[in-house]
Amino acid sequence: MKVFVELSPFLFAYAGFALLSLIMDRHRRQLWPSIQGWQPRIAYALRSLGGLLLILSLWRCLHLWGVGIGLVAWFGVLTLVVFVLVMQITYFPKPVVGLAIAAMMISTVSVFI
Amino acid sequence: MKSFFRQSMAWLHTWVGLVFGWLLFFIFITGTAGFFDTEIDRWMQPELPMAQTVDVYDFADQARERLEVIAPGASRWQIWFPIDRNRPYPEIFWQGADSDPARGREQIDARTAEPLVARETGGGQLLYQMHWRLHYLPTRMAYWIVGVGTFLMLLGLITGIIVHKKIFADFFTFRPMKGQRSWLDAHNVVSVVTLPFQLMITYSGLVLMMFTYMPLVAAAYYGTSAEGRQQFISEAFPAREVLEAKGVAAPLVPFSHLIEQAVERWGEGELSYVEIHHPGDAAARIILGSNLAEGPLRSTEQLVFDGVSGDLIAEIPRLTSGAKASRDVLYGLHEGLFAGSVLRWLYFFSGLLGSVMVASGLILWAVKRRQRAEKQGNQNPFGLRLVERLNIGTIVGFPVAMAAYFWANRLLPTSFTARAEWEVHLMFLVWGVMLIHAATRPRLRAWIEQCWIAAFAFLLLPVLNALTSSRHLVQSLRTNDWVFAGFDLTMFALGIGFALMALVLITHNLAKREREQSVHNPSAASLEAL
């Protein structure tokens with residue numbers, strides 16, 4: 001269980017960036033080919049949720065490591081997560097949506113552990 | 001006007017990046033290895049036990065007894081406690097002793113209170129120090145070369161941000177197997193994802209050396225004389241103030257009472273060192289320091305005691321001034337001594353991506369001009385050839401040289417007195433050989449062959465470790481020896497990485513050759529166009 005707590009900054013960031021990439025036309029076509037385009041309201045909601053998840057990731061970093069180290073760690077977390085996501089979108093785009101939902105659920109649950 | 005500005009920035013980015021790229025790659029790789037400096041130290045001295053912890057009271061007394069024997073009359077003693085990965089074993093240090101050597105350092109085995117004995121090696125410290133000392137060059141010259149390189153790196157980052165038109169639109173974009181397009185994507189992606197790290201590490205690197213690069217700022221206030229400099233240093237770094245000995249003998253107070261005060265103040269495991277100025281003299285001072293690596297503010301809190309009476313003379317807080325604190329935070333961020341295992345790996349990963357950023361930029365330069373040269377009818381300009389060959393011999397050749405450094409560590413006989421120097425000589429010799437290899441082989445062959453050499457050099461390191469020490473991978477996994485297991489597994493992963501690079505190069509070029517053949521065969525070409 002402790003593993004999930006330590007992973008929660010990564011999972012929140014993953015879910016957040018996955019959402020942010022989904023809003024972009026190019027990646028929506030890669031990840032979710034059946035959808036032709038977002039309605040502006042849905043795009044706005046997704047973008048806000050993505051941003052919120054990144055802030056939750058920051059909050060978990062500060063919670064786990066304190067302000068000084070947590071802030072530094074957050075940038076490292078974002079770097080790693082975006083890099084992994086870019087590789088995934090390029091080579092294995094299909095599981096991104098499912099993984100993002102799972103990441104969001106696990107990290108949310110881990111907050112209450 | 002706007003496009004003229006962007007074009008000039010692009011020109012600057014391209015040429016600064018090219019001219020300093022290889023130096024920056026060297027700095028990035030060795031600096032990144034430095035995030036695991038003590039771990040590499042330990043792998044390179046497999047005779048040493050696993051990391052130790054000590055009772056501060058007992059070890060302070062043991063260390064004092066030993067220092068009284070080996071370094072009497074010293075002007076300074078230091079006793080360091082192993083509180084985290086930055087210092088795996090207890091250590092003592094002395095300076096200005098009557099004895100020989102007048103200055104020295106010993107790692108102590110906490111179990112026996114005797115000095116630890118291990119093979120001579122430059123270890124991870126040498127790799128780490130290489131990223132600003134450049135090893136063979138005179139110190140000041142190296143500082144200035146690295147300084148100019150760092151400054152131009154910062155320039156490269158800023159011009160890169162200006163030139164990159166679509167930071168957000170291309171945030172997640174990588175289009176592989178498209179030649180120049182793919183290299184530009186790769187260069188953009190690794191630069192953008194690591195941008196906070198790059199800006200921090202470059203800027204803080206400059207700030208670390210600011211007294212070397214901008215001595216006149218301090219000189220404007222304190223003058224250029226030696227006394228002025230001394231005054232500046234003692235004001236900026238109070239604990240480094242030089243005290244004169246009185247020349248009157250007086251017994252040194254026992255440490256236990258002083259340590260008690262420090263432990264009470266900071267808690268268990270936070271006392272980092274005890275420093276004694278002029279032990280045995282009436283002017284003796286004892287300074288106790290807290291952990292330097294508590295957070296990004298790289299500074300200790302110090303308790304200064306009179307060495308004869310044991311009275312607390314001064315408390316120097318971690319924060320003395322805003323200016324010094326900003327420097328200490330940047331220093332702390334650059335070294336990352338405070339990083340635990342998760343953050344340490346993130347640092348390492350960011351550093352690796354930084355090296356990839358430099359490497360992809362260098363390759364992009366060559367790929368772009370190679371395409372242009374081929375369009376203009378099989379020209380083969382010397383400059384392009386030079387860059388291509390230096391790229392191969394540095395981007396793959398230098399990692400091979402680093403692997404050679406580790407091989408030399410295990411293969412040079414421990415009785416060989418100059419082995420520490422020869423480890424490094426061999427590293428640079430191998431780099432030279434790789435550069436010659438890159439210059440003499442056909443270009444693609446050179447890439448593929450060097451990738452294979454790197455793959456085997458790294459993949460076989462865990463095997464070499466198993467053959468030359470008792471701490472092989474299975475053993476270290478079983479005993480939770482994560483330093484050795486981590487090193488072996490990392491080398492293994494690097495080897496796999498280079499092997500994959502070789503395979504990608506081979507398959508990619510096979511596909512390219514087939515495409516080229518199909519050009520001569522019209523029906524196949526039209527099929528491909530569909």
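Since this is a predicted model, take the numbers as computed values, not measurements. Below, chains carry the letters A, B, ... as their sequence lines are ordered, and counting in each starts from 1.
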Heavy-atom contact with chain A under 4.5 Å, split by part of [X]:
X: V342(B); answer: side chain
X: D185(B); answer: neither
X: F171(B); answer: both
X: L333(B); answer: side chain
X: F349(B); answer: side chain
X: L195(B); answer: neither
X: V190(B); answer: side chain

Taking T79(A) for its side chain and S350(B) for its backbone only, find out whether a donor-acceptor pair lies under 3.5 Å.
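Looks like no, no N/O pair under 3.5 Å.
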Quick one: what part of V67(A) sits under 4.5 Å from any heavy atom of chain B, side chain, backbone, both or neither?
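When you check distances to chain B, no heavy atom of V67(A) falls under 4.5 Å.
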Please state whether the side chain, the backbone, both or neither of F83(A) comes within less than 4.5 Å of a heavy atom of chain B.
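Backbone plus side chain of F83(A), per the 4.5 Å heavy-atom cut-off to chain B.
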Between V77(A), T90(A), L78(A), the one whose heavy-atom pairs under 4.5 Å with chain B are most numerous:
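Max contact count across the listed options: T90(A).
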Could you check which of F172(B), F168(B), F338(B) has the highest count of heavy-atom pairs closer than 4.5 Å to chain A?
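Top count of heavy-atom pairs under 4.5 Å with chain A: F172(B).
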Chain A interface, residue from P196(B), G295(B), G332(B) that has the most non-hydrogen pairs under 4.5 Å:
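The option with the most such pairs is P196(B).
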Contact check, side chains of F75(A) and T194(B), non-hydrogen atoms, under 4.5 Å
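No - every pair of side-chain heavy atoms lies 4.5 Å or more apart.
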